[in-house]
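Given the structure is predicted, the values throughout are model-derived calculations rather than measurements.
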Amino acid sequence: MLKSTSRHQQQQTMVSLVKSSTHKPHLLQIQAHLTRSCLLQNPKFSLLFLSSLCSSRDLRYARLFFSQIKNPSSSQYNTLIRAYSSSNSPKEAFFLYREMRQKGLKPDPISFSFVIKSCVKFRSVFCCLQVHGRIIRDGFLSDCLLLTTLMEFYSSFASREDACKVFDEMSQKDTVAWNVLISCYLRNGRTRDVLMLFDNMKNEGVCEPDDVTCLLVTQACANLGALEFGEKVHRYIKERGYGTARNLSNSLISMYSRCGCLDKAYDVFKGIGEKNVISWSAMISGLAMNGFGRDAILAFEEMRKTGVIPDEQTFTGLLSACSHCGLVDEGMEFLNQMSKEFGIMPNVHHYGCVVDLLGRAGLLEQAYRVIISMKVKPDATIWRTLLGACRIHGHFTLGERVIEHLIELKAQEAGDYVLLLNIYSSTGSWEKVSELRKFLKDKGIQTTPGCSSIELKGIVHEFIVDDVSHPQKHEIYNKLDEINKQLKIAGYVAETTSELHDLGAEEKANALSYHSEKLALAFGVLVTRPGTTLRVTKNLRICIDCHNFAKFLSGVYNRQLIIRDRTRFHHFRDGHCSCNDYW
DNA sequence: ATAGGGTTAG
């Protein structure tokens, strides 16, 4: 009796020893000992040992040990599969899976989960589909977690529809499943549906949204500029007691900033007990995008004082602050500082800000030289930024050169040609305009329609150019006519020569009067009380005519207007815009 | 004495 107890104790010691060892030489010693005491013949013990080997970084040794096992159990396969699925040779996991199937061993749902994850990692849709088929045949379709993994696979590189299909077929949907669905929608740009899903979750009452849901929905609100909905989510966050979660607060800062609501962003920021680099960067970017470049720089200095170390994205925010406010010297100084003082090499986004900064300041050649001489490969976006600057300054020879670069990257988009068209028309080069128009027509190049959204009472209304789909279209168009008349009295003159948005529109003047942002603004004026701030989000750049229109509208109708376009915020008040001049 | 799954901030 006494003897067996001490043996039991010895074995206990071995168990804890094996469990706590991840160091390879140690494990080798232990293995020798285990072999001597015949403990490795015990399948449970050898499984334990295998899992210890797997948690040491060297999987090759685990593999070697595994290959010496005569008839590995499915648990032993599972352990190794799991290890490979998170290693940098995830294919091995799939091979092991096939091997065990060939031996007639049946993987359990958890191993399936790991196998799917591995296939996602080595990006084989084929393998994933194969495994999915197997999962169906093995009858694991009631496993919510496993199906969630499958959804994640479909949403990550197959199709959104398939992910939805898996979701619909789930008998039990828990919050994580909803979250995966939401994150799938978010990735696919179905932002408005995300808001709907949030409401569904709450109303159906089956699944309470959790902190991750809130995080995702907040991002959706930020993308849409849906302030009211965002505030609703914020209230929900507080109700549920997530108010102190830093990741949520950081996301809220970004959401409020991107809705043009800086004071609220700042309130959230102030409320964070321990601000990390993400909190600071979110605030800095928020200040930057809303046109408070100097304050963004002050915030950066403040951040340094508190000892938080800036990272890549902090500098992206800072440099964009400089570009939005025309702080050329400061921007160039930060570009130097980031690598010299903080060892952060500028990436394409950093250079992008610098190109924007120099370009807007009219230093086009210098901007071009930055792109040519930078160490990273220029992407389409950075060329497009320079093209935007060419439009501002009516520089068409450089504009043509930039288009060449875009073509070389095979990244030229309809919008780029539209920019070039605008450059030509602003410089009065009408021959080139018609030439390019013909080219686009022949090639069948379609432009992205301008799309603006405005949120009222938590509902996001979207408008496209010449939109006729809105139920209140007649009232909206009447209102727009009325506004046009009022603004003309105040001195507004429609600018019909320098901007072309829509290639399909034959009548330029006509096309201008129905730009989506005007429709959204007219709708806002129509359905809100006098004095209500209107917030419009636009997918493309706002054109100069709509910008003028908004300026006059803010004065004549005494409204504060906040228009967010592809590049920045424009705050209009009393007939003026926060950006001194239009850009 | 027996490994162990899914979503997530700027």
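Base contact: A:S75 has a heavy atom under 4.0 Å from a base atom. At the heavy-atom level, A:S46 lies nowhere under 4.0 Å from the strands shown. Nucleic acid contact for A:F45: base, since at least one base atom lies under 4.0 Å from a heavy atom of the residue. At a threshold of 4.0 angstrom between heavy atoms, the contacts of A:A177 include nucleobase atoms, whether or not backbone atoms are also involved. Within the 4.0 angstrom heavy-atom criterion, no nucleotide atom of any strand lies near A:D211. At a threshold of 4.0 angstrom between heavy atoms, the contacts of A:C144 include nucleobase atoms, whether or not backbone atoms are also involved. Among the atoms of the strands shown, none is found under 4.0 Å from any heavy atom of A:P43.
Atom P of nucleotide B:dG10 and atom NE2 of A:H349 are separated by 14 Å, given to the nearest angstrom. In this structure, A:L216 places its CG atom 10 Å from P of B:dG10, rounding to the nearest Å. Across the protein-nucleic acid pair, A:D143 atom CG and B:dG4 atom C1' stand 12 Å apart, rounded to whole Å. Rounded to whole Å, atom C1' of B:dA9 lies 7 Å from atom CD of A:Q219. Taking atom CG on A:N250 and atom C1' on B:dG10, their separation rounds to 7 Å, with Å as the unit. For A:Y266 and B:dG10, the OH to P distance is 21 Å, given to the nearest whole Å. Regarding A:L186, its CG atom lies at a distance of 15 Å from the P atom of B:dT7, rounded to whole Å. When rounded to the nearest whole Å, the span between CZ of A:F112 and C1' of B:dG4 equals 15 Å.
The A:N78 side chain lies nearest to B:dA3 when the options are B:dA3, B:dG10, B:dG5. Side-chain proximity of A:L47 to B:dG6, B:dT8, B:dT2: nearest is B:dT2. Checked against B:dG5, B:dA3, B:dA9, the side chain of A:R246 finds its nearest nucleotide in B:dA9. Each of B:dG5, B:dT2, B:dG6 was ranked by its minimum atom distance to the side chain of A:L48; first place goes to B:dT2. Checked against B:dT7, B:dG5, B:dG10, the side chain of A:N179 finds its nearest nucleotide in B:dT7. Of the candidates B:dG10, B:dG6, B:dT8, the closest approach to any side-chain atom of A:S183 belongs to B:dT8. Closest to the side chain of A:V176, from the set B:dG4, B:dA9, B:dT7, is B:dT7. Checking B:dT8, B:dG4, B:dT2 against the side-chain heavy atoms of A:N247 singles out B:dT8 as nearest. Closest to the A:L145 side chain, of the nucleotides B:dA1, B:dG6, B:dG10, is B:dG6. Taking the side chain of A:T79 as heavy atoms from C-beta on, and the options B:dA3, B:dT7, B:dG10, the nearest nucleotide is B:dA3.
Below the 3.5 angstrom threshold, one finds a donor paired with an acceptor across the side chain of A:D174 and the base of B:dG6. Evaluation of atom-type donor-acceptor distances gives no pair under 3.5 Å for the side chain of A:N276 against the base of B:dG10. One N or O donor and one acceptor, one from the side chain of A:S281 and one from the base of B:dG10, sit under 3.5 Å apart.
A:D108 is not listed as a side-chain neighbour of A:S74, based on a closest heavy-atom distance of 4.5 Å or more.
Between A:Y266 and A:F269, the two ring planes are parallel [angle under 30°; tilted spans 30° to 60°]. Ring-plane geometry between A:F334 and A:F300 is classed as perpendicular, the angle between the planes exceeding 60 degrees on a 0 to 90 degree scale with a lower cut at 30.
In summary, the aromatic rings of A:F95 and A:Y84 are positioned with their centroids too far apart to meet the 6.0 Å limit.
OP1 or OP2 of B:dG6 sits under 4.0 Å from a side-chain N or O of A:K117. At least one side-chain nitrogen or oxygen of A:R82 sits closer than 4.0 Å to the OP1 or OP2 atom of B:dG4.
Applying the 6.0 Å contact sphere to NZ of A:K165 captures no more than 12 heavy atoms from other residues, nucleotides or ligands. Within a 6.0 Å sphere centred on CG of A:N71, heavy atoms belonging to other residues, nucleotides or ligands number 12 at most. A 6.0 Å sphere centred on NZ of A:K270 holds more than 12 heavy atoms belonging to other residues, nucleotides or ligands.
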